J.: 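Provided herewith is a single structure, encoded as structure tokens, for subsequent inquiry.
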Amino acid sequence: MPELPEVETVRRGLAPAMEGAFITRLELNRPDLRFPLPENFASAVEGRRIVSLGRRAKYLLIDLDDDLTVISHLGMSGSFRIEDDTVGEFHHPRSKNAKHDHVVFHLQREAAPRRIIYNDPRRFGFMHLWKRSELDLYPAFAELGPEPTGNALDADYLAGRFSGKNQPLKGALLDQTVVAGLGNIYVCEALWRSHLSPKRAAGSIVTKTGRPKKELALLHTAIREVIADAIAAGGSSLRDHIQTDGSLGYFQHSFSVYDREGKPCRTPGCGGTVARITQAGRSTFYCPACQK
DNA sequence: TTATAAACCTGTCAGC
DNA sequence: TGCTGACAGGTTTATA
């Protein structure tokens, strides 16, 4: 499910309930998700206090008070929800099938016990334990590109990565070593906002001397803006993504091209129709009329 | 080096 | 109603 804005929404939803709380018990309802859960996972985290909640790209980071960090990835269908731990089973109207509640953090903080439930029907998500002081050595982080909203991502950096590349822009932007956190939805949206075709070679928006063309500067701006807009809206709820309180994100109502095949392009005066093609096995939505 | 395809797993939806 | 096939927000591994 989640791209960067959805994970950030989850982080913001969980932080008030988790930061400062003690983990009294970790409930593991199966031995694995996509990968085996960490060895001695429960004994490593039980009794620890959660110092803070962080995020890197699409990864949620739960920092404990002893230099350990729980690294959590939600895959395609993972979600967290918060429940009052003094009552029994509670089901929000939109709540998930409890048979996919794989990991439950039981928390104690001041007077209110809570449980944080990780649900993931497809089990493409995973959790790892890693030393916080060595987080840069975590394999997935070692090669990760800059955050799309940070200062490290600018047009010059992208020019360096795109220069000489024949790979289509769609694939180049999905590459997490180029930009960290972009997924299928927001790549489509950012390309639409910058009027660039997803089929365009990445190297074609870089000059012969390796400088960013104007189009690349527009793309950089579009990436920043679409991510910021989506975070402000609480992410996008398609099938699986719900916020930690069970409510939905709203950005899906703002999609300009994603999942809008056959519908009119929203570029003012364009008059084109949104098309859907397959690139590297994944759906791409774009407007052939205004994305060149 | 680069690019595509398949794999992981379950749920949902369209079509017959 | 029930079956089948296509498809889904991600990442890794294998194959060409």
Side-chain angles (χ1 to χ4, degrees), chain A residues 1-10 29-37 55-60 71-80 94-102 118-128 138-145 148 161-191 198-203 226-227 230-231 233-243 248-255 257-262 276-285:
Chain A
M1 140 223 153
E3 303 182 35
L4 188 154
E6 289 74 41
V7 180
E8 179 60 21
T9 299
V10 168
N29 295 324
R30 56 175 300 126
D32 59 356
L33 296 170
R34 173 167 185 172
F35 307 117
L37 288 162
R55 179 190 58 73
R56 176 76 173 96
K58 303 171 189 172
Y59 297 78
L60 183 72
I71 301 172
S72 171
H73 195 293
L74 283 65
M76 291 277 259
S77 60
S79 66
F80 282 95
R94 265 191 292 273
S95 108
K96 307 290 189 163
N97 187 332
K99 78 176 178 186
H100 301 305
D101 290 348
H102 305 309
Y118 179 72
N119 181 291
D120 188 357
R122 293 177 73 181
R123 300 202 303 278
F124 284 0
F126 51 87
M127 291 188 195
H128 284 138
Y138 181 66
F141 292 171
E143 300 288 316
L144 217 47
R161 294 300 302 260
F162 288 174
S163 182
K165 274 199 157 186
N166 283 320
Q167 188 184 19
L169 279 171
K170 171 75 185 307
L173 291 172
L174 276 177
D175 182 345
Q176 299 297 295
T177 72
V178 174
V179 184
L182 295 182
N184 209 26
I185 293 177
Y186 299 112
V187 167
C188 291
E189 294 294 316
L191 287 169
K199 297 191 276 193
R200 190 86 178 256
V226 75
I227 294 296
I231 291 173
S236 304
S237 295
L238 296 187
R239 295 154 192 85
D240 296 300
H241 172 62
I242 56 172
Q243 299 191 33
L248 301 173
Y250 290 96
F251 193 74
Q252 67 277 12
H253 303 301
S254 305
F255 288 167
V257 284
Y258 188 83
D259 209 18
R260 292 193 66 247
E261 181 185 16
R276 168 184 169 156
I277 59 174
T278 298
Q279 290 180 293
R282 309 197 59 189
S283 289
T284 295
F285 298 88

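Worth saying up front: this structure is predicted, and the values here are computed from it rather than measured. So you know, we letter chains A, B, ... as the sequences are listed, proteins then strands, and number each from 1.
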J.: Measure CZ/A/Arg282 against P/B/dA3 and give the value in whole Å, please.
T.: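 Taking atom P of B/dA3 as the reference, CZ of A/Arg282 is at 17 Å.
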J.: Write down the distance between CG (A/Asp101) and P (B/dT10), rounded to a whole number of angstrom.
T.: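 Result: 15 Å.
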J.: Nearest-Å distance, CG (A/Asn184) to P (C/dA8)?
T.: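 Whole-Å distance recorded here is 8 Å.
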J.: For B/dT10, does OP1 or OP2 lie under 4.0 Å from any side-chain N or O of A/Arg123?
T.: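 So the side-chain polar atoms of A/Arg123 do come within 4.0 Å of the phosphate oxygens OP1 or OP2 of B/dT10, strictly under.
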J.: Just to be sure I understand the rule, does A/Tyr186 reach a base, reach only the sugar-phosphate, or reach nothing, if contact means heavy atoms closer than 4.0 Å?
T.: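 If one applies the 4.0 Å heavy-atom cut-off, A/Tyr186 turns out to touch nothing in the nucleic acid.
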J.: Please determine whether a side-chain nitrogen of the Lys or Arg among A/Asp120 and A/Arg122 lies less than 4.0 Å from a carboxylate oxygen of the Asp or Glu.
T.: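 Salt bridge between A/Asp120 and A/Arg122, a charged N being under 4.0 Å from a carboxylate O: no.
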J.: Considering heavy-atom distances to DNA chain B, does A/Arg122 or A/Ala280 have its closest nucleotide positioned more toward the 5' end?
T.: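 Nearer the 5' end of the strand: A/Ala280.
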J.: At under 4.0 Å, does any side-chain N or O of A/His100 touch on OP1 or OP2 of B/dG11?
T.: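 For A/His100, the contact criterion (side-chain N or O under 4.0 Å from OP1 or OP2 of B/dG11) is met.
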J.: Provide, to the nearest angstrom, the distance between the CZ atom belonging to A/Phe285 and the C1' atom belonging to C/dA8.
T.: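 A/Phe285 atom CZ is separated from C/dA8 atom C1' by 10 Å.
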J.: With under 30° as parallel and over 60° as perpendicular, where do the rings of A/Tyr118 and A/Phe80 fit, or are they tilted in between?
T.: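 A/Tyr118 vs A/Phe80 ring planes: tilted.
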J.: Look at all strands and tell whether A/Gln279 reaches a base, only sugar-phosphate, or nothing, counting heavy atoms closer than 4.0 Å.
T.: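 Contact class for A/Gln279: none.
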J.: Rounded to whole angstrom units, what separation is found between the CE atom of A/Met76 and the C1' atom of C/dG10?
T.: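 The distance from CE of A/Met76 to C1' of C/dG10 comes to 6 Å, rounded to the nearest Å.
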J.: Hey, mind stepping through A/Phe255 and A/Phe285 against side-chain contact (heavy atoms from CB on, under 4.5 Å) and telling me if it holds?
T.: CA-CA 11 Å; A/Phe255 288 167; A/Phe285 298 88; over 6 Å; no
J.: Taking OP1 and OP2 of C/dT11, is either one under 4.0 Å from a side-chain nitrogen or oxygen of A/His73?
T.: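 So the side chain of A/His73 is within the cut-off, an N or O lying under 4.0 Å from OP1 or OP2 of C/dT11.
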J.: With rounding to the closest Å, how many angstrom separate the P atoms on C/dC7 and B/dA5?
T.: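 Here C/dC7 and B/dA5 have their P atoms 13 Å from each other.
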J.: Pick base, sugar-phosphate or nothing for A/Lys165, based on heavy-atom distances below 4.0 Å to the nucleic acid.
T.: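 Contact class for A/Lys165: none.
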J.: If the plane angle is over 60° it's perpendicular, under 30° parallel, otherwise tilted; pick one for A/His253 and A/Tyr250.
T.: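 Taking A/Tyr250 first and then A/His253, their aromatic rings sit tilted (interplane angle of 30° to 60°).
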J.: To the nearest 0.5 Å, what is the distance between CZ (A/Arg30) and CG (A/Asp32)?
T.: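 Going from the CZ atom of A/Arg30 to the CG atom of A/Asp32 covers 4.5 Å.
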J.: What is the separation between atom CZ on A/Arg276 and atom C1' on C/dC7, rounded to the nearest whole Å?
T.: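 Result: 7 Å.
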J.: Tell me whether A/Phe124 and B/dC9 count as stacked here, given that the ring centres must be under 5.5 Å apart and the planes must differ by less than 30 degrees.
T.: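 Ring-base stacking flag not set for A/Phe124 and B/dC9.
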J.: Using atom P in both nucleotides, what's the gap between C/dC3 and B/dC9 to the nearest angstrom?
T.: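 Rounded to whole Å, the distance is 24 Å.
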J.: So does A/Ser283 get a side-chain nitrogen or oxygen closer than 4.0 Å to the phosphate oxygens (OP1/OP2) of C/dA8?
T.: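 Answer is yes, contact under 4.0 Å.
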J.: Does the ring centre of A/Tyr258 sit less than 6.0 Å away from the ring centre of A/Tyr186?
T.: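 Ring centroids of A/Tyr186 and A/Tyr258 are no less than 6.0 Å from each other.
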J.: Expressed in angstrom and rounded to an integer, what is the separation of A/Asp32 atom CG from B/dC8 atom P?
T.: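 Atom CG in A/Asp32 sits about 13 Å away from atom P in B/dC8.
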J.: Just how far, in rounded Å, is P of C/dA8 from CD of A/Glu6?
T.: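 Whole-Å distance recorded here is 16 Å.
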J.: What's the separation between atom CD1 in A/Ile185 and atom CD in A/Glu3, rounded to the nearest 0.5 Å?
T.: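 Rounded to the nearest 0.5 Å, the CD1-CD separation comes to 5.0 Å.
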J.: Please verify the inter-ring angle class for A/His73 with A/Phe126; under 30° counts as parallel, over 60° as perpendicular, anything in between as tilted.
T.: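 Geometry flag for A/Phe126 against A/His73: parallel rings.
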J.: Between C/dA8, C/dT11, C/dG10, which nucleotide has the shortest distance from any of its atoms to the side chain of A/Gln176?
T.: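 Of all the options, the side chain of A/Gln176 is nearest to C/dT11.
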J.: With Watson-Crick and G-U wobble geometry limited to distances under 3.5 Å, how should the secondary structure of DNA chain B be encoded in dot-bracket form, using | for bases paired to another strand and [ ] for crossing pairs?
T.: .|||||||.|||||||
J.: When you measure from the side-chain N and O atoms of A/Lys99 to the phosphate of B/dG11, is any distance below 4.0 Å, counting only OP1 and OP2?
T.: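 So the side-chain polar atoms of A/Lys99 do come within 4.0 Å of the phosphate oxygens OP1 or OP2 of B/dG11, strictly under.
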